[in-house]
Amino acid sequence: LLFFLIMTEFKVVHEKSQCISCGACAAISPKFWMMDSDGLADLVGGVKVKDNFELELENDSDLAVCQEAADCCPVNIIHIEKVIHIEKGS
């Protein structure tokens, strides 16, 4: 018997190079956002992937807080994306 386990998670994607330093994300979600020494928003724990920074979220509470930060960003450079993990089992 073969089965697949499909898990849906979410990640935050931050286009840091487009940041205008408004600080809204850091004010709303200091657990995930802080302003760096250049005055740009920094995704706490984010990993650089190509030109962006990404962080996989661990639970629905974190998703809600990061979605709120994304919604308040005036230049729409914070995105929440689905990540689908498929594991094959037998």
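Note that the structure is predicted; figures quoted are calculated from it, not measured.
- Put simply, the side chain of Phe10 does not reach to within 4.5 Å of the side chain of Gln67, judged on heavy atoms.
- Between Ile77 atom CD1 and His14 atom NE2 the span is 4.0 Å, to the nearest 0.5 Å.
- Closest heavy-atom contact between Ile6 and Ile84: CG2-CG2, 3.7 Å.
- Its side chain within the 4.5 Å cluster rule, Met34 clusters with Val44 among the Ile, Leu, Val, Met, Phe, Trp and Tyr residues.
- Contact detail for Val75 and Gln18: the closest heavy-atom pair is CG2-O, 4.0 Å.
- In this structure, the side chain to side chain contact (heavy atoms under 4.5 Å, CB included) partners of Lys48, at least two apart in sequence or on a different chain, are Phe53.
- Clustering of Ile, Leu, Val, Met, Phe, Trp and Tyr by side-chain heavy atoms under 4.5 Å joins Met7 with Leu5.
- Atoms CG and SG, from Asp71 and Cys25 in turn, are 12.5 Å apart once rounded to the nearest 0.5 Å.
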Item to complete: Check the pair Lys31, Val65 against side-chain contact (heavy atoms from CB on, under 4.5 Å), reporting the backbone distance first and the verdict last.
Response: CA-CA 9 Å; Lys31 176 181 177 181; Val65 170; 5.9 Å; no

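- Shown here is Asn59, whose CG atom has more than 12 heavy atoms of other residues, nucleotides or ligands within 6.0 Å.
- Qualifying side chain to side chain contact (heavy atoms under 4.5 Å, CB included) partners for Ile28, counting only residues two or more places apart in sequence or in other chains: Glu68, Cys72.
- Applying the salt bridge (Lys or Arg N to Asp or Glu O under 4.0 Å) criterion to Asp36, with sequence neighbours excluded, gives Lys16.
- In this structure, Cys19 and Ala41 approach most closely via the heavy-atom pair SG-N, 3.3 Å.
- The shortest non-hydrogen separation linking Ala70 to Ile80 is CB-CG1, 4.4 Å.
- Across all non-hydrogen atoms, the minimal contact from Glu54 to Leu43 is C-CD2, 4.0 Å.
- Expressed to the nearest 0.5 Å, how far CG of Asp51 lies from OG of Ser17 amounts to 6.5 Å.
- With sequence neighbours excluded, no residue forms a side chain to side chain contact (heavy atoms under 4.5 Å, CB included) with Lys50.
- The minimum heavy-atom distance between His85 and Val83, with the atom names listed, is NE2-CG1, 3.4 Å.
- In this structure, CG on Leu55 lies 10.5 Å from NZ on Lys11, to the nearest 0.5 angstrom.
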Discussion item. For Trp33 and Val12: C-alpha separation, side-chain torsions, deciding distance, then whether side-chain contact (heavy atoms from CB on, under 4.5 Å) applies.
Written reply: CA-CA 11 Å; Trp33 300 96; Val12 181; 3.8 Å; yes

